Amino acid sequence: MSELKVNNLRRTYGKVLALDGMSFDVADGEFFCLLGPSSSGKTTTLRAISGLEELEHGSVHFAGRDVTESAVQGRGISMIFQTFALYPHLSVEANLAHPLRRSGESASDIKKRVGEVAELLRVTHTLKRKPTTLSGGEQQRVAIGRAIVGRPKLLLLDEPLTNLDAKLRDEMRTEFKRLHRELGMTMLYATPDQIEALTMGDRVGVIREGKVVAIGTPRDLYGAPTNTYVAGMIGSPPINFVTATAPSDGEIALPFLDQPVEAPGVSSGQPLVVGLRPHDIALANGEEGGIPAKIHLTEPLGDVTIIDIRTRDTDMKMVLREEVAARFRVGDEIAVKFDPRNLHFFDPSTGARAAHAAT
Ligand code: ADP
Ligand code: MG
């Protein structure tokens, strides 16, 4: 049975349609990520699940119960916001104890529970201090501690890493995965960052303008994106798109190739948008011939370098390991190749996946 069922939520603010049929299910114990750009409806969705939004339409079921009309308390749901506010005048210990005080547990139980959570989040050394004397990462850990101290069944996380610096974000991604494993709690995590969604999510729901447009494992979404929006949203650097035509059934002509390539399922005359991932373009060696291309930009990232190439009039990105990329300079002529089975085909008018060479 699925733990959380979000069904067809609709919410407008004046003329803005914030949620437009938002639907998805999260399984018991799952780490589910909602991935969408700013203003796509992530926060409104989480607030609706917490019971903080007036919905015009739709329902939320949790742990087998319809909670659409239930009070915020008593849902067994806890939420961590993008800007985490700790009580500045209270010690870390008192901040962590606060949610338990409201639920009326005994002082000794509270002390024990706070100790366990502090241990789990590695903030035991800060318990007597005020939040303002803590580093950003420690403050965030305390905020997480406060959200989980009451043992919620579902933890909602709204861009909890967006305001942290890059190094801390990397560390905290690992922390969230560890916490999820150790607590066995169901987690729903909203983020605009595909790296966060792909590295942490068991499954990812991609949202656009208030609704889910694709759901799948990170592997599914990367390997077989259902439309150009998902294809462009997932994968770094982003997928290359080129327009193409089908000169005959089962074949497409790409702008940078003399010969058509095989494209099973494509019919003659069909216009297409073709996607080719930067990681699926490789250097061709001398004997293979390959497609002539000119390097017009390099972006070294340390272990790999993103290479911008131009082949005929088409600009594309490819990725090379740093030691290989180091042999080349801007302006160099190279030859590249790709496996036609890695091409993704989309309908240019709807953006929907049209056919796939490998399927
Ligand atoms: P996200 O969290 O993905 O950035 P939100 O759920 O915050 O998106 O917002 C979705 C849309 O609803 C946006 O266009 C936003 O401007 C609008 N919106 C959200 N909250 C309010 C509000 N309280 N008043 C008016 N518009 C709002
Ligand atoms: Mg938001």
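Please read all numbers here as calculations on a predicted model, not as lab measurements. As the structure lists them, so they are numbered: ligands from 1, and atoms in each ligand from 1. When reading the values below, keep in mind they use all heavy atoms of this one structure, side chains included, and skip hydrogens, waters and symmetry mates.
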*Top protein contact for atom 8 (O) of ligand 1, by heavy-atom distance*: G41 N, 3.2 Å
*Within a distance under 4.0 Å of any heavy atom of S38, pick out the atoms of ligand 1 and give their elements.*
4 (O)
*Tell me: protein heavy atom nearest atom 7 (O) of ligand 1, and distance?*
T43 CB, 3.6 Å
*Distance under 6.0 Å and angle within 45° of the ring axis: does R181 meet both against F176?*
no
_On the six-membered ring of F62, is R65 placed so that its NZ or CZ lies under 6.0 angstrom from the centre and within 45° of the ring axis?_
no
*Tell me which protein heavy atom sits closest to atom 24 (N) of ligand 1, plus the residue, atom name and distance to 0.1 Å.*
Y13 CD2, 3.5 Å
*Stacked cation flag R277 on Y222, 6.0 angstrom / 45 deg*: yes
*Would you say atom 18 (N) of ligand 1 has a protein heavy atom nearer than 4.0 Å?*
yes
*Do me a favour and list the nearest non-hydrogen protein atom to atom 6 (O) of ligand 1 with residue, atom name and distance?*
T44 OG1, 2.5 Å
*asked:* Give me the nearest non-hydrogen protein atom to atom 12 (O) of ligand 1 as residue plus atom name, then the distance to 0.1 Å.
replied: A18 CB, 3.3 Å
*asked:* Tell me whether T45 has any N or O atom under 3.5 angstrom from an N or O of ligand 1.
replied: no
*asked:* Applying a heavy-atom cut-off of 4.0 Å, say which part of P192 lies close to ligand 1: side chain, backbone, both or neither.
replied: neither
*N227: what forms a side-chain contact (heavy atoms from CB on, under 4.5 Å) with it, not counting sequence neighbours?*
V213, Y229, V230
*Does E93 come within less than 4.0 Å of K128, counting only side-chain N to carboxylate O?*
yes
*asked:* Is it true that, when you exclude E69 itself, more than 12 heavy atoms of the residues, nucleotides or ligands shown sit nearer than 6.0 Å to its CD?
replied: no
_Name of the residue among T191, T43, T45 meeting side chain to side chain donor-acceptor pair (under 3.5 Å) with D158_ = T43
*Mind checking what makes salt bridge (Lys or Arg N to Asp or Glu O under 4.0 Å) contact with R141, not counting sequence neighbours?*
E175
*Looking only at heavy atoms, is any part of V16 under 4.0 Å from ligand 1, and if so is it the side chain, the backbone, or both, or is it neither?*
side chain
*Taking only heavy atoms of P37, which atoms of ligand 1 are found under 4.0 Å from at least one of them?*
3 (O)
*Look at the side chain of H180 and the backbone N and O of M185, then say whether any donor-acceptor pair between them is shorter than 3.5 Å.*
yes
*Mind checking whether D158 has an N or O less than 3.5 Å away from an N or O of ligand 1?*
no
Please table the atom pairs, donor to acceptor, closer than 3.5 Å between any side-chain atom in residues 299-309 and protein atoms at least two apart or in another chain.
residue : atom : partner : partner atom : Å
T305    : OG1  : E322    : OE1          : 2.4
D308    : OD1  : K317    : NZ           : 3.3
D308    : OD2  : K317    : NZ           : 3.1

*Closest protein heavy atom to atom 16 (O) of ligand 1, given as residue, atom name and distance to 0.1 Å*: S39 OG, 4.5 Å
*What protein N/O/S atoms sit under 2.8 Å from the Mg ion (ligand 2), by chain and number?*
T43 OG1
*Is the distance between the ring centroids of F24 and F32 under 6.0 Å?*
yes
*asked:* If you count every heavy atom of other residues, nucleotides or ligands that lies below 6.0 Å from D109 atom CG, does the total exceed 12?
replied: yes
